[in-house]
Amino acid sequence: MLTLSYLRENTNDAIERLSKRNIEASPLLNKVLELDSERKNKQTEMDNLLAEANLLAKQIGLLIKENKTQEANKNKERTILLKNNTQELKTKITELEEEIKSLLYTLPNTPHHSVPKGKTADDNEIVFTSGNVPQLPEEALAHWDLASKYNLIDFELGNKITGAGFPVYTGKGAKLQRALISFFLDEAIKAGYSEVIPPLMVNEASGYGTGQLPDKEGQMYHAATDNFYLIPTAEVPITNIYRDVILKENELPIKKVGYTPCFRREAGSYGKDVRGLNRLHQFDKVEIVQIANPENSYTILQEMVEHVKGLLTKLELPFRTLKLCGGDMGFTSALTYDMEVFSAAQKKWLEVSSISNFETFQANRLKLRFKDKTGKTQLAHTLNGSALALPRIVAALLENNQTPNGIKIPSHLVPYTGFELIN
RNA sequence: GGAGAGAUGGGUGAGUGGCUUAAACCAACAGUUUGCUAAACUGUCGUAGGGGAAACCUUACCGGGGGUUCGAAUCCCCCUCUCUCCGCCA
């Protein structure tokens with residue numbers, strides 16, 4: 001949620017930035033500012049009445065002690081009158097606050113000034129490309145065929161146990177999952193992140209904190225009896241560690257990494273690019289999260305991008321980095337880089353990571369703040385990125401590294417798998 | 001699932017209707033002293049809203065929501081959570 005003070009003081013800046021998302025925000029912002037100033041007036045009015053009532057209440061106490069009952073009763077009448085008036089004001093103020101909040105909830109984050117204009121994924125900017133696209137022979141197999149040829153993943157079995165999008169990994173397929181998870185975690189720890197294993201279900205407050213609620217309610221699995229949500233990403237529980245927290249400046253940046261399964265309903269995306277590992281309801285992901293001083297959060301974003309590039313390089317996968325355009329960026333992000341690997345048999349770029357700076361958008365909802373040098377409390381910046389999401393990495397590894405003798409494991413991964421070849 | 005006890009500031013913890021402007025201690029921060037560290041001493045030390053150029057003034061907040069009262073951390077009702085014991089169970 002954008003902060004009111006930012007919108008008040010930088011109205012035109014906000015309108016300009018939001019226009020990159022193809023949003024005409026000025027009518028809504030004017031409405032918000034109008035309601036806000038009305039709220040302030042009512043607040044002042046109410047405070048004055050309450051101040052007088054507080055004073056009278058104190059006097060009544062003294063008067064009763066001195067047995068001046070008559071005067072005390074006179075004051076009582078006046079106080080009752082004041083209280084009645086404050087109650088109306090209170091109701092009005094609450095209404096105004098609710099209205100402002102519900103309007104603000106509909107506004108996405110303001111894009112960073114470097115975000116390109118654009119409407120769809122086609123308008124994203126390719127900022128970096130690495131590695132050569134492998135040329136596979138005619139008879140090369142897609143990963144779902146390789147998965148069944150070598151007994152790595154059983155999609156049908158998952159279908160039986162749960163449903164579509166819940167694969168069962170078996171044998172070397174299972175070991176490969178575990179190897180990738182350990183590799184990603186170790187690399188992150190080497191880069192200074194500290195590991196956490198968070199809960200896989202979160203309560204409503206956490207969902208609101210990172211912005212999945214109320215925006216993407218339908219995308220999360222919901223355990224209705226207890227009103228818990230299955231996490232769509234480790235970002236939710238890990239960032240919420242710092243909900244309602246005031247950090248010291250010297251504690252920043254905070255760097256956390258966590259592996260979790262992720263659960264996504266993917267409502268509305270059936271039938272489109274869902275074959276094999278391309279889109280699942282449950283998948284594994286290692287997530288990096290940082291909480292940063294606003295002064296250097298964009299340096300940190302670059303550092304996170306470099307970290308993920310390093311992972312893909314070590315896995316010897318051809319990849320490219322995209323800077324997302326305004327129209328394709330997530331609701332809560334100010335700047336997002338996507339990482340895509342090339343899956344050689346499908347002949348497609350697959351998104352395997354999304355790295356974003358949310359600036360204060362999440363921190364505002366989370367009430368995640370720090371005390372700066374001058375002793376002032378201000379909102380921190382939150383950032384996160386996948387490092388990495390497993391299924392599409394596996395898809396690319398299987399397809400790109402297939403040979404007549406089997407599938408070759410990249411050398412950096414061999415210490416984790418314990419085998420060099422899947423055959 | 002059953003029974004009981006609780007929830008007060010960064011922490012411990014006092015506070016049963018006005019003397020609370022939430023005590024006291026600890027932690028933290030700044031300073032004095034010191035060759036350095038420690039100790040001691042002095043001071044500062046919640047969050048949010050409103051007013052003000054500022055000093056400052058003011059309002060709300062003692063798990064959450066409602067109520068009683070001129071006045072509530074304190075009394076009443078509802079909810080949530082935590083702890084202890086019992087039952088079930090990895």
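In what follows, chains carry the letters A, B, and so on, assigned in the order in which the sequence lines appear, proteins first and then strands, with residues in each chain numbered from 1. Any value given below was found using the heavy atoms of this structure, including those in side chains, with hydrogens, waters and symmetry copies removed.
Near RNA chain B, defined here as any heavy-atom distance below 4.0 Å, the residues from residues 31-43 of chain A are A:Arg39, A:Lys40, A:Gln43, listed numerically. Using a 4.0 Å cutoff on non-hydrogen atoms, the parts of residues 46-53 of chain A near RNA chain B are A:Asp47, A:Leu50, A:Ala51, ordered by number.
Along RNA chain B, read 5' to 3', the first and last nucleotides having any atom under 4.0 Å from a heavy atom of chain A are B:rG18 to B:rG71.
Atom P of B:rA28 sits at a distance of 10 Å from the matching atom of B:rA38, rounded to the whole Å. Spacing between B:rA22 and B:rU37 at atom P, rounded to whole Å, works out to 37 Å. Distance noted for atom C1' between B:rA23 and B:rG13: 10 Å (whole Å). Look at the C1' atom in both B:rG1 and B:rC88: the space between them is 8 Å, to the nearest Å. If you take atom P in B:rC85 and the same atom in B:rA48, they sit 40 Å apart, rounded to whole Å. For the P atoms, the distance linking B:rG15 with B:rG6 amounts to 13 Å, nearest Å. Taking atom P in both B:rG43 and B:rC62, the straight-line distance is 30 Å, to the nearest Å. Nucleotides B:rG17 and B:rA73 are separated by 13 Å at their P atoms, to the nearest Å.
With a cut-off of 3.5 Å on both Watson-Crick or G-U wobble distances, the partner of B:rU16 is given as none. Across all strands shown, B:rG4 forms a Watson-Crick or G-U wobble pair, both distances under 3.5 Å, with B:rC83. Pair assignment for B:rG31 gives B:rC41, based on Watson-Crick or G-U wobble hydrogen-bonding distances that are each under 3.5 Å. B:rC25 is paired with B:rG11 under the Watson-Crick or G-U wobble criterion, all donor-acceptor distances under 3.5 Å. Judged by Watson-Crick or G-U wobble contacts below 3.5 Å, the nucleotide B:rA53 has no partner. Pairing partner, B:rA72: none, since no Watson-Crick or wobble contact has both distances short of 3.5 Å. Pairing of B:rA48, defined by two Watson-Crick or G-U wobble distances under 3.5 Å, is identified with B:rU59.
Aromatic ring pairs are classed by plane angle as parallel below 30°, tilted from 30° to 60° and perpendicular above 60°; the pair A:Phe319 and A:Phe128 is tilted. Relative ring orientation between A:Phe183 and A:Tyr416 is described as perpendicular, the plane-to-plane angle rising above 60° on a 0-90° scale split at 30° and 60°.
Side chains of A:Ser206 and A:Arg243: a donor on one and an acceptor on the other come within 3.5 Å.
At the heavy-atom level, A:Ile80 lies under 4.0 Å from the strands shown only through sugar-phosphate atoms. Counting non-hydrogen atoms under 4.0 angstrom, A:Lys90 reaches nothing in the nucleic acid. Residue A:Lys248 is classed as having no contact, given no heavy-atom separation below 4.0 Å to the nucleic acid.
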Given the rule in the side-chain hydrogen bond (donor to acceptor under 3.5 Å, both in side chains) test, do A:Glu195 and A:Tyr259 qualify, once you have shown the distances and angles that lead to the verdict? CA-CA 8 Å; A:Glu195 185 179 351; A:Tyr259 151 70; over 6 Å; no

Derivation and outcome, side chain to side chain contact (heavy atoms under 4.5 Å, CB included), residues A:Leu322 and A:Asp328: CA-CA 11 Å; A:Leu322 306 177; A:Asp328 199 32; over 6 Å; no

Using the salt bridge (charged side-chain N to carboxylate O under 4.0 Å, His left out) rule, take A:Lys190 and A:Glu187 through it: C-alpha gap first, then chi angles, then the decisive distance, then the call. CA-CA 5 Å; A:Lys190 269 190 235 163; A:Glu187 290 292 312; 3.1 Å; yes

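Checking A:Gln59 against A:Thr79, the closest nucleotide of RNA chain B that is more toward the 5' end is the one next to A:Gln59.
The main-chain N or O of A:Ile93 is never found under 3.5 Å from a side-chain atom of A:Gln43 such that the two would form a donor-acceptor pair. The closest donor-acceptor contact from the side chain of A:Gln219 to the backbone of A:Glu266 lies under 3.5 Å.
Residue A:Lys408 places its NZ atom among 12 or fewer non-hydrogen atoms of other residues, nucleotides or ligands, all under 6.0 Å distant.
The side chain to side chain contact (heavy atoms under 4.5 Å, CB included) search around A:Leu213 returns A:Glu204, A:Tyr208, A:Glu217, A:Met220, A:Tyr229, not counting sequence neighbours.
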Quick one: side chains of residues 164-177 of chain A, donor-acceptor pairs under 3.5 Å with protein atoms, not counting sequence neighbours, listed by atom name and distance.
from	atom 1	to	atom 2	distance (Å)
A:Thr170	OG1	A:Asn151	O	2.9
A:Lys172	NZ	A:Leu421	O	3.1
A:Lys175	NZ	A:Thr417	O	3.2
A:Gln177	NE2	A:Asp284	OD2	3.1

May I have the list of side-chain donor-acceptor pairs in residues 376-383 of chain A shorter than 3.5 Å, sequence neighbours left out?
from	atom 1	to	atom 2	distance (Å)
A:Gln378	NE2	A:Asp372	OD2	3.0
A:His381	ND1	A:Ser297	OG	2.7
A:Thr382	OG1	A:Gln362	OE1	2.7

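By the 4.0 Å N-to-carboxylate-O rule, A:Lys255 lies close enough to A:Glu303 to be salt-bridged with it.
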